[in-house]
Peer 1: 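Supplied in structure tokens, the structure appears directly below.
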Number of protein chains: 2
Amino acid sequence: MKSHQELVDRLRQNGLRITPQRVAILEAITDKDGHITADEIFARINPLFPYVDISTVYRTLDYLTENGLLNVINLGTGRAEYELVSRPPHHHLVCRHCKQVISIDGELVQPLRDALLHQYGFAADIRHFAIFGLCRACREAEDRE
Amino acid sequence: MKSHQELVDRLRQNGLRITPQRVAILEAITDKDGHITADEIFARINPLFPYVDISTVYRTLDYLTENGLLNVINLGTGRAEYELVSRPPHHHLVCRHCKQVISIDGELVQPLRDALLHQYGFAADIRHFAIFGLCRACREAEDRE
DNA sequence: CTGAATGCAAACAATTTGCATTCAT
DNA sequence: ATGAATGCAAATTGTTTGCATTCAG
């Protein structure tokens, strides 16, 4: 659980510009503490700062991603999800039936990462790992049919 | 390498309707032999059958997916990719820098699948596996900076 | 013949862009 | 003061939908 203040400090340290919009957006992200979409951020911010435009949200998300504060994840929902880089390593199991996203920790995936690195020279990004499939509940429901 | 004829036969067997559009779309998919996007299909078909509409392409892709002939993959490119279910199990390594997609075979991932199934009851879809990261070339280029 | 599939045009949703204005440094 | 960031409106891109017409079975 990182406060947005720490992140603002980090922006400042890197010589990046700090604007009220950026602070508000970081706040929305740290509040949610997980992955969040652009329009979710917009929805949270809008009541408090009605003048902030959705395009600013997108631009800021790009900016924060480029500067290493955020990761983008694409979970096949049709909209990009953003999360703090600082979150502990974990992965996403996306149920293709109920669309539920289960977070699991990074350990399980370590052997696979090693294998990919050795055999393909591919450095799997430990934070962009999305695994699609069927969760237990949906699998059981499907068997019952 | 599956001919589109086999697939048309399969449609027929399942009592699904066969139209010239559907045949053309299947043909485009088997020709490409890999993953393909809706507009790629459209681009291939259009010169030959100019009357085929992009909406028909999308509807057909949905239809073929629902009926188990195709898989949808979302590789974070902003557009959905489709591929034949009949392709041997494999996965996609997506380079977040050069956007290259590397296909690897299914073996490597087997241990992880087993672990997910046992520990989380999650049946990872062996065909929808997308792994994001940095390919060798881009990693080396980045180190050099 | 009958319902399913198509073409067309129009609607949508997510995201991006051009440009004049405002603001952080 | 100067270039970067913003708001606004409009454009783009990928995808979906309503509806009258056509076609496969």
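Sequence lines set the chain letters: A, B, ... in the order given, protein chains first and strands last, and positions in each chain run from 1.
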Peer 1: Give the angle between the helix axes at the two ends of the helix from dC1(C)-dG25(D) to dA14(C)-dT12(D), taking five base pairs at each end and rounding to 10°.
Peer 2: 30°

Peer 1: Would you mind writing out the side-chain donor-acceptor pairs for residues 50-57 of chain B within the sub-3.5 Å range, not counting sequence neighbours?
Peer 2:
from, atom 1, to, atom 2, distance (Å)
D53(B), OD2, S55(B), N, 2.9
D53(B), OD2, S55(B), OG, 2.7
S55(B), OG, R59(B), NH2, 3.3

Peer 1: Kindly write out the residues that satisfy salt bridge (Lys or Arg N to Asp or Glu O under 4.0 Å) with D62(A), not counting sequence neighbours, or none if the list is empty.
Peer 2: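 Residues passing salt bridge (Lys or Arg N to Asp or Glu O under 4.0 Å) with D62(A): none at all.
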
Peer 1: Going by heavy atoms in the side chains, are L7(A) and L64(A) under 4.5 Å from each other?
Peer 2: no

Peer 1: Take the protein atom OH of Y63(A) and the nucleotide atom P of dT16(C), then report the distance between them rounded to whole Å.
Peer 2: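 Y63(A) atom OH is separated from dT16(C) atom P by 17 Å.
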
Peer 1: Tell me: CG of N67(A) to P of dA4(D), nearest whole Å?
Peer 2: 14 Å

Peer 1: Could you check which of dT16(D), dT16(C), dA5(D) has an atom nearest any side-chain atom of S55(B)?
Peer 2: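 Out of dT16(D), dT16(C), dA5(D), the nucleotide with an atom closest to S55(B)'s side chain is dT16(D).
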
Peer 1: Mind checking side chain to side chain contact (heavy atoms under 4.5 Å, CB included) for L117(A) and listing every partner two or more places apart, or none if nothing turns up?
Peer 2: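 Residues passing side chain to side chain contact (heavy atoms under 4.5 Å, CB included) with L117(A): A123(A), R139(B).
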
Peer 1: Applying ring pair (Phe, Tyr, Trp, His ring centres under 6.0 Å), which residue pairs with at least one partner in residues 13-44 of chain B are found, sequence neighbours left out?
Peer 2: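 Pairs touching residues 13-44 of chain B that pass the test: H35(B)-H92(B).
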
Peer 1: Are any protein N/O atoms closer than 3.5 Å to N/O atoms in nucleotides 11-15 of chain C? If there are, list each pair with its distance.
Peer 2:
from, atom 1, to, atom 2, distance (Å)
dA14(C), OP1, R79(A), NE, 3.1
dA14(C), OP1, R79(A), NH1, 3.3
dA14(C), OP1, R79(A), NH2, 2.0
dT15(C), OP1, A80(A), N, 3.0
dT15(C), OP2, Y58(A), OH, 2.4
dT15(C), O5', Y58(A), OH, 3.3

Peer 1: Could you check which residues of residues 42-53 of chain A get a heavy atom under 4.0 Å from DNA chain C? Sort them by number, please.
Peer 2: none

Peer 1: Show me the pairs that pass ring pair (Phe, Tyr, Trp, His ring centres under 6.0 Å) and involve residues 5-29 of chain B, at least two apart or across chains.
Peer 2: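 As it turns out, there is no ring pair (Phe, Tyr, Trp, His ring centres under 6.0 Å) pair with a partner in residues 5-29 of chain B once direct neighbours are skipped.
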
Peer 1: With a 4.5 Å heavy-atom cut-off, do T65(A) and N71(A) have their side chains touching?
Peer 2: no

Peer 1: Only distances under 3.5 Å count here; give the side-chain donor-acceptor pairs of residues 11-25 of chain B to other protein atoms, sequence neighbours excluded, each with its distance to 0.1 Å.
Peer 2:
from, atom 1, to, atom 2, distance (Å)
T19(B), OG1, R22(B), N, 3.1
R22(B), NH1, R17(B), O, 2.9
R22(B), NH1, Y63(B), OH, 3.4

Peer 1: Going by modelled atom types, is there a donor-acceptor pair between the base of dG7(C) and the side chain of R59(B) at under 3.5 Å?
Peer 2: yes

Peer 1: Checking D9(B) now: which residues fulfil side-chain hydrogen bond (donor to acceptor under 3.5 Å, both in side chains) with it, not counting sequence neighbours?
Peer 2: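 Listed in chain order: Q5(B).
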
Peer 1: Once you round it to whole Å, what is the distance between C1' of dA4(C) and CG of D62(B)?
Peer 2: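 Distance check: D62(B) CG to dA4(C) C1' gives 15 Å.
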
Peer 1: I'd like to check I131(B) versus F122(A) (side-chain heavy atoms, cut-off strictly below 4.5 Å). Are they in contact?
Peer 2: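 Of all side-chain heavy-atom pairs linking F122(A) with I131(B), at least one is under 4.5 Å.
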
Peer 1: Does a side-chain heavy-atom distance below 4.5 Å link T30(B) with E6(B)?
Peer 2: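 Answer no - side chains too far apart.
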
Peer 1: For E40(A), what residues pass the side-chain hydrogen bond (donor to acceptor under 3.5 Å, both in side chains) criterion, not counting sequence neighbours?
Peer 2: K32(A), T37(A)

Peer 1: Can you pull out the residues from residues 16-29 of chain A that lie within a 4.0 Å heavy-atom distance of DNA chain D?
Peer 2: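 Nucleic-acid contacts, sorted: R17(A), T19(A), Q21(A), R22(A).
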
Peer 1: Is I41(B) close to Y82(B) at the side-chain level, that is, under 4.5 Å between some pair of heavy atoms?
Peer 2: no

